[in-house]
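Labels below follow one simple rule: chain letters A, B, ... track the order of the sequence lines, proteins then strands, and each chain is numbered from 1. Keep in mind that this is a model prediction, so the values were computed, not measured.
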There are 2 protein chains.
Amino acid sequence: MSDGPVLERINRGLPTLRRSERKVADVVLADPHKVVPMTLAELAEAAGVSQPTIVRFANAIGCDGFHDFRIQLAQSVALGIPATQSVIQAQDDTGTTVSKIFDFSITSLDHVRRHLDLAAIDAAVAALAASTHIVFVGLGASGIVAMDAEQKFPLFGVPCSAPVDAHQQFLAASTSGPSTAFVAISNTGRTVSILDTVRVARERGAVVIGITGDRSPLAELSTIPLVVESLDNTDVYTPTISRLAQLVVIDVLATMVLLRRDASALEDIRTMKTRLATMRSGLHHEAVRDPNRPGRP
Amino acid sequence: MSDGPVLERINRGLPTLRRSERKVADVVLADPHKVVPMTLAELAEAAGVSQPTIVRFANAIGCDGFHDFRIQLAQSVALGIPATQSVIQAQDDTGTTVSKIFDFSITSLDHVRRHLDLAAIDAAVAALAASTHIVFVGLGASGIVAMDAEQKFPLFGVPCSAPVDAHQQFLAASTSGPSTAFVAISNTGRTVSILDTVRVARERGAVVIGITGDRSPLAELSTIPLVVESLDNTDVYTPTISRLAQLVVIDVLATMVLLRRDASALEDIRTMKTRLATMRSGLHHEAVRDPNRPGRP
DNA sequence: CGGCGTCTTGTAAGTTTGCTACAGAATCAC
DNA sequence: GTGATTCTGTAGCAAACTTACAAGACGCCG
């Protein structure tokens, strides 16, 4: 009962609440922002119940008194209203829509952070740092993540590739070896071509890091499964959130691999960054080169 | 003084604080998480000052009493410690590094949300909804964002393209017209080839939506400048955050354009999504097709 | 349908917490 | 070195939160 953000807990515990406590829950859920600065007496007034009922309500949803409840509510609200509360509707105005999407993205990232397997991260970092080259594969939205990774990782001097279509991916798997780190990205973890590719990579002895949304076939097949559990709900209006979390996880991996390297690698990056800044201004003279290389204008 | 998260305000107001108040500030900044559940008396004890000093401290940094301070602190902490507090260091353990990167990503998204120009969003949505086709351009990390947008927008039935290199982009600009929505993405807003491309697009009469990090040349050149102000600090270790914010902005635009459409478009997407789910399982049989199309496995 | 038991809710008192007025101490200016 | 000003702590007060208890509501079984 005491897991997760307060608002989620209220929703979950709704059926077990007494009638008056439920009135309190309704007031809180109706507009959490309004409740945050309220005093106990004010909330009692607003819900039409007595003050002790508020305290009992707070205890019922797993808080240690009203103080604790208010603090936890404030934190919940700061992270945005949970997804269940923020279904995007056609009649919402611009500000509301923007808020909902950002709130959802932020809440989701927070959720991923809390459910990340640190041991798996460590293992993945070790594998990546030990590899002589890295292959990133993904299709659709996950393909975007793979390309992003391909941009970020070569900074360490390790050759990277991110083959675009399933055939190229299969080929890359076929030519991989024990010193290859093979990073497969699939939110569903059930895309057949990715699974086939991963099987081949493992047969060739590559270390496979599987970034996926839950305990899926891909996770089973991977040497190091990395579950990035995002709150991808089924509402059509709600945009895909899994990419964001996957990108941040890539950031984490890249940063930690970098931290493993010595200061010289760091220096390389500094000089690279300054060179990039100067070349960027003259980019149009040599625009034919591989567009993925130039960096991040 | 009363703008921004509390911790930032404390940092900013540090010089104007009295000596005892400063002791309080030190305690708070040293470990904000510890302070959140503290009572006024406890914090006074911890800082080695009297209780009224705490109250004066709270007022000094723009809070309305200790109550308000505690709530605001709780909210600040929920969004992660501000970037200034969380420089990633080599000796950090895995959990710390993960926390810092996620915190920073989340804080940054929150910052962007607060600084987004809603009028510009509205204008962009109107332009996108009115266009007959949409072109997304960006290089490097922004190129990734452009490709993501290309995956997302065709859902509405409007043809989209995201030319990959500078030449192709220039070509797309040259063939654009008044009914083209031209979305240029560049965090610096100073990449020369992008600026050249945008100039051409405008000459051809296209509506140019410029997504950029600050009031840059690109913003000046755009019909509708969309400033996505992320907290990209200069620390080498700190990963690029601008992509995330840009992706979320793309989500917002896509969602809002979709909301403008009628229910039929919605139905199209529902059926598309279910079809996608079934086809995904058999994808390897027809993997030669354009890998960007299949969706988001 | 009515009485009894349990669960629920509000009243009231008690305790903690946060706030304010005031006075002493320190600091700075002259 | 003295005076004025600013800062800091002591003490008391008001408000908020909590607990104990009793009245009321509800359901169950006779």
Side-chain angles (χ1 to χ4, degrees), chain A residues 1-2 6 9-10 12-30 32-77, chain B residues 1-2 6 9-10 12-30 32-77:
Chain A
M1 170 62 89
S2 57
V6 193
R9 294 211 306 262
I10 297 178
R12 204 169 23 181
L14 218 58
T16 74
L17 291 179
R18 322 181 205 292
R19 209 171 27 255
S20 329
E21 286 169 13
R22 200 169 170 140
K23 284 199 272 184
V24 182
D26 288 341
V27 172
V28 175
L29 291 176
H33 287 273
K34 290 270 176 225
V35 176
V36 170
M38 277 188 186
T39 175
L40 189 151
E42 287 169 340
L43 180 55
E45 171 75 24
V49 299
S50 69
Q51 297 187 9
T53 301
I54 305 289
V55 177
R56 280 190 286 264
F57 164 77
N59 293 331
I61 60 171
C63 296
D64 184 19
F66 182 73
H67 264 289
D68 189 41
F69 166 73
R70 187 169 30 190
I71 289 170
Q72 290 200 38
L73 181 67
Q75 293 195 338
S76 255
V77 165
Chain B
M1 170 62 87
S2 59
V6 194
R9 293 210 307 260
I10 298 179
R12 203 170 21 180
L14 218 56
T16 73
L17 291 179
R18 322 178 205 292
R19 206 168 36 250
S20 323
E21 286 170 14
R22 197 162 172 150
K23 284 199 270 183
V24 183
D26 288 341
V27 172
V28 175
L29 291 176
H33 286 276
K34 289 270 175 224
V35 175
V36 170
M38 278 188 185
T39 174
L40 190 150
E42 286 168 342
L43 181 54
E45 172 74 23
V49 299
S50 69
Q51 297 186 10
T53 301
I54 304 290
V55 176
R56 280 189 286 263
F57 164 77
N59 292 332
I61 59 170
C63 295
D64 186 18
F66 183 73
H67 263 288
D68 189 40
F69 166 73
R70 183 160 43 182
I71 290 171
Q72 290 200 39
L73 181 66
Q75 293 196 337
S76 258
V77 166

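- A distance-only check finds a donor-acceptor pair linking the side chain of A:Arg9 to the backbone of A:Ile61 [under 3.5 Å].
- The distance from atom CG of A:Leu17 to atom C1' of C:dC7 is 15 Å, rounded to the nearest whole Å.
- Looking at residues two or more places apart in sequence or on another chain, you find a side chain to side chain contact (heavy atoms under 4.5 Å, CB included) between A:Val36 and A:Leu73, A:Ala74, A:Val77, B:Ile71, B:Gln75.
- Straight-line distance from the CD1 atom of A:Ile54 to the C1' atom of C:dT9: 12 Å, rounded to whole Å.
- A heavy-atom distance below 4.5 Å is found between the side chains of A:Leu14 and A:Leu17.
- Judged purely by atom type and a 3.5 angstrom limit, A:Ser76 uses its side chain to pair as donor or acceptor with the backbone of A:Val6.
- Note: A:Leu40 CG to A:Ile54 CD1 = 6.0 Å, rounded to the nearest 0.5 Å.
- In this pair, B:Phe69 and B:Phe57 present their aromatic rings perpendicular. The plane angle is above 60°, beyond the 30 to 60° band.
- Taken from CZ in B:Phe66 to CE in B:Met38, the straight-line distance is 9.0 Å, to the nearest 0.5 Å.
- When the side-chain nitrogen and oxygen atoms of A:Ser50 are compared with OP1 and OP2 of C:dT9, none of them lie within a distance under 4.0 Å.
- Using modelled atom types, no side-chain atom of A:Asn59 and backbone atom of A:Asp64 make a donor-acceptor pair closer than 3.5 Å.
- Applying the side-chain hydrogen bond (donor to acceptor under 3.5 Å, both in side chains) criterion to A:Asp68, with sequence neighbours excluded, gives A:Gln72.
- Protein chain B contacts DNA chain D from D:dC7 to D:dT10, reading 5' to 3' and using non-hydrogen atoms of the protein with a distance under 4.0 Å.
- The side-chain hydrogen bond (donor to acceptor under 3.5 Å, both in side chains) pairs that include a residue from residues 36-48 of chain B number zero, where partners must be two or more places apart or lie in different chains.
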- Determine, for nucleotides 16-21 of chain C in 5'-to-3' order, which nucleotides have protein heavy atoms under 4.0 Å from the base (write B), from only the sugar-phosphate (write S), or from neither (write -). -SSBB-
Between the protein and nucleotides 23-26 of chain C, list the N/O to N/O atom pairs that are separated by less than 3.5 angstrom.
none

